[in-house]
Amino acid sequence: MEYLTIENFEKGVVFDLLFRAFEPLMNPEFKNKLRRYDQEIFDNLKTVGASLFLTQYDGKLVGMASWDPRQFPRAIIGYNCIVPGFQHIGFGKLQLLELLNRLTRGGFTEAVVTTGEHPFFVPSQKMYSSCGFQKVRHYNEGRDPRYGSTDYHLVL
């Protein structure tokens, strides 16, 4: 596994990874949100772009991970994904461990992440728990009343 900075990539690379990973949940609003996020990264390479990395395996981009450092020493884990074909084989956990190592080296003392309760996110929930995150809050403020969200917390 290699973890790469965004500077040597073209605009659209983050959108592509996220779109492929989240395609089963895709709708026009979510698609536009991901496009705006990709644009924000490339408009702000020294801030937003510095708080993410791309994951490469065997010469192929297989995922990405990001965080928001603005609540330092608390890091908010943002978008992260592994694309189909590389999911469910441990790459997500390796990528998350790399992200946590970067946060620790950067002086962060805690990490928080929110994930959905939709069945699509069950592997993510298991991954966060297996890395030591604790569930701290469940809520339902989304558009679909069947699925809520859960916040997870980890002391680094």
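Quick note: residue numbers are just sequence positions, from 1. Keep in mind it's a predicted model, so treat the numbers as computed, not measured.
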Open item on the list: To the nearest 0.5 Å, what is the distance between CG on Leu100 and CZ on Phe108?
Closed with: 11.5 Å

- [ ] Name all residues meeting the salt bridge (Lys or Arg N to Asp or Glu O under 4.0 Å) criterion together with Arg137; count only those two or more places apart in sequence or in a different chain, and write none if there are none.
- [x] Asp151

Open item on the list: Among residues at least two apart in sequence or on other chains, which ones pass side-chain hydrogen bond (donor to acceptor under 3.5 Å, both in side chains) with Glu2?
Closed with: Gln56

Open item on the list: Under the rule for side-chain hydrogen bond (donor to acceptor under 3.5 Å, both in side chains), what residues qualify as partners of Glu23, not counting sequence neighbours?
Closed with: none

Open item on the list: Once salt bridge (Lys or Arg N to Asp or Glu O under 4.0 Å) is applied, what residue pairs with a partner in residues 54-68 remain, sequence neighbours excluded?
Closed with: Asp68-Arg70

Task: From Gln39 atom CD to Asn32 atom CG, the distance as rounded to the nearest 0.5 Å - done: 12.5 Å

Open item on the list: Tell me whether the rings of Phe91 and Tyr57 are parallel (<30°), tilted (30 to 60°) or perpendicular (>60°).
Closed with: tilted

- [ ] Is it possible for you to say whether Ile77 and Val122 belong to one hydrophobic cluster, with membership spreading through side-chain heavy-atom contacts below 4.5 Å?
- [x] no

Task: Residue pairs involving residues 76-87 (criterion side-chain hydrogen bond (donor to acceptor under 3.5 Å, both in side chains); sequence neighbours excluded) - done: Asn80-Tyr128

TODO: Using atom types as modelled and distance alone, determine if a side-chain donor or acceptor of Gln125 lies under 3.5 Å from a backbone N or O of Gly116.
DONE: yes

TODO: Check whether any side-chain heavy atom of Phe86 lies under 4.5 Å from a side-chain heavy atom of Leu61, and answer yes or no.
DONE: no

- [ ] Look up atom CG in Leu156 and atom OG1 in Thr109, then write down how far apart they are to the nearest 0.5 Å.
- [x] 7.0 Å

Open item on the list: For Arg102, give me all partners under side-chain hydrogen bond (donor to acceptor under 3.5 Å, both in side chains), at least two apart in sequence or on another chain.
Closed with: Glu98

- [ ] With sequence neighbours left out, write down each residue that passes side chain to side chain contact (heavy atoms under 4.5 Å, CB included) with Lys93, or none if nothing qualifies.
- [x] Leu97, Met127, Ser130, Cys131

- [ ] First locate atom CG of Leu18, then atom SG of Cys81, and finally report the distance between them rounded to the nearest 0.5 Å.
- [x] 4.5 Å

Task: Glu10 atom CD: more than 12 heavy-atom contacts under 6.0 Å - done: no

Task: side-chain contact (heavy atoms from CB on, under 4.5 Å) evaluation trace for Leu103 with Phe72 - done: CA-CA 10 Å; Leu103 295 178; Phe72 185 85; over 6 Å; no

Task: Remaining members of hydrophobic cluster (4.5 Å side-chain criterion), Ile76 - done: Val112

Open item on the list: Can you list everything that forms a salt bridge (Lys or Arg N to Asp or Glu O under 4.0 Å) with Glu110? Sequence neighbours excluded, please.
Closed with: Arg74

Task: Steps toward side-chain contact (heavy atoms from CB on, under 4.5 Å) verdict (Trp67, Val113) - done: CA-CA 9 Å; Trp67 64 96; Val113 65; over 6 Å; no

Open item on the list: What's the separation between atom OG1 in Thr115 and atom CZ in Phe120, rounded to the nearest 0.5 Å?
Closed with: 9.0 Å

Open item on the list: Applying salt bridge (Lys or Arg N to Asp or Glu O under 4.0 Å), can you list everything that pairs with Asp16, at least two apart in sequence or on another chain?
Closed with: Arg20

Open item on the list: Looking only at side-chain N and O atoms, does Ser129 offer a donor or acceptor that is under 3.5 Å from a partner on Tyr152?
Closed with: no

Task: Exercise: identify the closest heavy-atom pair between Leu99 and Ser66 - done: CD1-O, 3.7 Å

Open item on the list: Any heavy-atom pair between the side chains of Leu96 and Phe133 that's under 4.5 Å?
Closed with: yes

Open item on the list: Rounded at 0.5 Å granularity, tell me how far CZ in Phe121 sits from CG in Leu25.
Closed with: 5.0 Å

Task: Linked, directly or transitively: Tyr147 and Phe30 (ILVMFWY side chains, under 4.5 Å) - done: no

- [ ] Applying side-chain contact (heavy atoms from CB on, under 4.5 Å), run through Leu4 and Phe9 and close with a yes or a no.
- [x] CA-CA 10 Å; Leu4 310 171; Phe9 291 89; 3.8 Å; yes

Open item on the list: Before you tell me yes or no, could you show the steps for Phe15 and Lys31 under side-chain contact (heavy atoms from CB on, under 4.5 Å), namely the whole-Å CA-CA distance, both residues' side-chain angles and the distance that decides it to 0.1 Å?
Closed with: CA-CA 9 Å; Phe15 170 79; Lys31 188 175 182 180; 3.9 Å; yes

Task: Shortest non-hydrogen contact from Val13 toward Ile6 - done: CG1-CD1, 3.8 Å

Open item on the list: List the residues meeting side-chain hydrogen bond (donor to acceptor under 3.5 Å, both in side chains) with His138, not counting sequence neighbours, and say none if there are none.
Closed with: Thr150

- [ ] Identify the heavy atoms of Glu117 and Ser149 that sit nearest to each other, and give their distance.
- [x] CG-N, 4.0 Å

Report, one line per pair, each donor and acceptor closer than 3.5 Å where one atom sits in a side chain of residues 44-55; sequence neighbours left out.
unit_1, atom_1, unit_2, atom_2, d
Asn44, ND2, Glu40, O, 2.9
Thr47, OG1, Asn44, O, 3.4
Ser51, OG, Thr47, O, 3.4
Thr55, OG1, Gln95, OE1, 2.5

